[in-house]
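The next block holds one structure in the form of structure tokens; read it before the comments.
Numbers here simply count residues along the sequence, with the first being 1. Hydrogens, waters and symmetry mates play no part in the numbers below; they use all other heavy atoms, side chains included.
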Amino acid sequence: MGQDWANTVYAPCQDTFGREIWINPVVSQPGTPAYQARGIYNRNRLNEILEDGSMFVEQETILDVLEQEFPVLPQQDDEVTIPVDSLGMQTAPGDFTITSVWDNGGGEWSLHLRKKV
């Protein structure tokens with residue numbers, strides 16, 4: 001029997017760790033105004049060992065969203081704004097562009113983000 005990952009795992013995670021976001025759907029829905037949603041914001045450190053043995057360190061920024069909460073999913077080059085959280089306990093990461101999207105096959109999508117400067 002299959003597992004309903006979206007409702008038994010990912011939705012409770014969104015309820016606990018999700019924060020307000022704004023999606024500006026410039027590619028997925030051109031001409032549509034920005035809309036509010038929620039997502040789990042995360043940054044990971046990436047270490048790449050180069051041929052000469054030195055290390056290149058980079059940061060990966062990800063926003064996980066539930067597929068069922070979006071009638072049209074965000075796409076590459078859509079824009080995301082992550083404001084200060086509703087309790088004022090987390091900073092406002094700011095404005096991003098979606099560089100790629102990844103479907104985990106269980107109802108959750110990871111939006112890979114690049115900071116707008």
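No more than 12 heavy atoms of other residues, nucleotides or ligands shown are found within 6.0 angstrom of CZ on F17.
When each of D64, N104, D15 is tested with Y10 by the rule side chain to side chain donor-acceptor pair (under 3.5 Å), just one qualifies, namely N104.
Taking every heavy atom of both residues into account, M55 and I49 meet most closely at CE-CG1, 4.2 Å. Counting all heavy atoms, side chain and backbone alike, P93 lies closest to P83 at CD-O, 4.2 Å. Shortest non-hydrogen contact noted between V9 and P12 is O-CD, 3.3 Å. Closest heavy-atom contact between Y41 and R19: CB-CD, 4.1 Å. The minimum heavy-atom distance linking I82 with E20 is given by the pair CG2-O, 4.2 Å.
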Practice problem: Quick one: do E69 and R38 satisfy side-chain contact (heavy atoms from CB on, under 4.5 Å)? Show the steps, please. | Solution: CA-CA 9 Å; E69 294 182 354; R38 66 179 180 164; 2.6 Å; yes
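With rounding to the nearest 0.5 Å, the separation of OG1 in T99 from CD1 in I62 is 9.5 Å. Note that CD1 of I23 and CD of Q75 are 11.5 Å apart. Values are rounded to the nearest 0.5 Å. The CZ atom of F96 lies 11.5 Å from the CZ atom of R114; values are rounded to the nearest 0.5 Å. For the atom pair CD of E60 and CZ of R43, the computed distance is 12.5 Å after rounding to the nearest 0.5 Å. One distance of note links OG1 of T81 with CG of N24; it measures 7.5 Å at 0.5 Å rounding.
Considering only heavy atoms from C-beta on, P25 stays 4.5 Å or farther from V72 through its side chain. Residues D78 and L111 have side chains not in contact (no heavy-atom distance under 4.5 Å, counting atoms from C-beta outward). Side-chain contact between Q76 and V101: absent, with no pair of heavy atoms (C-beta onward) separated by less than 4.5 Å.
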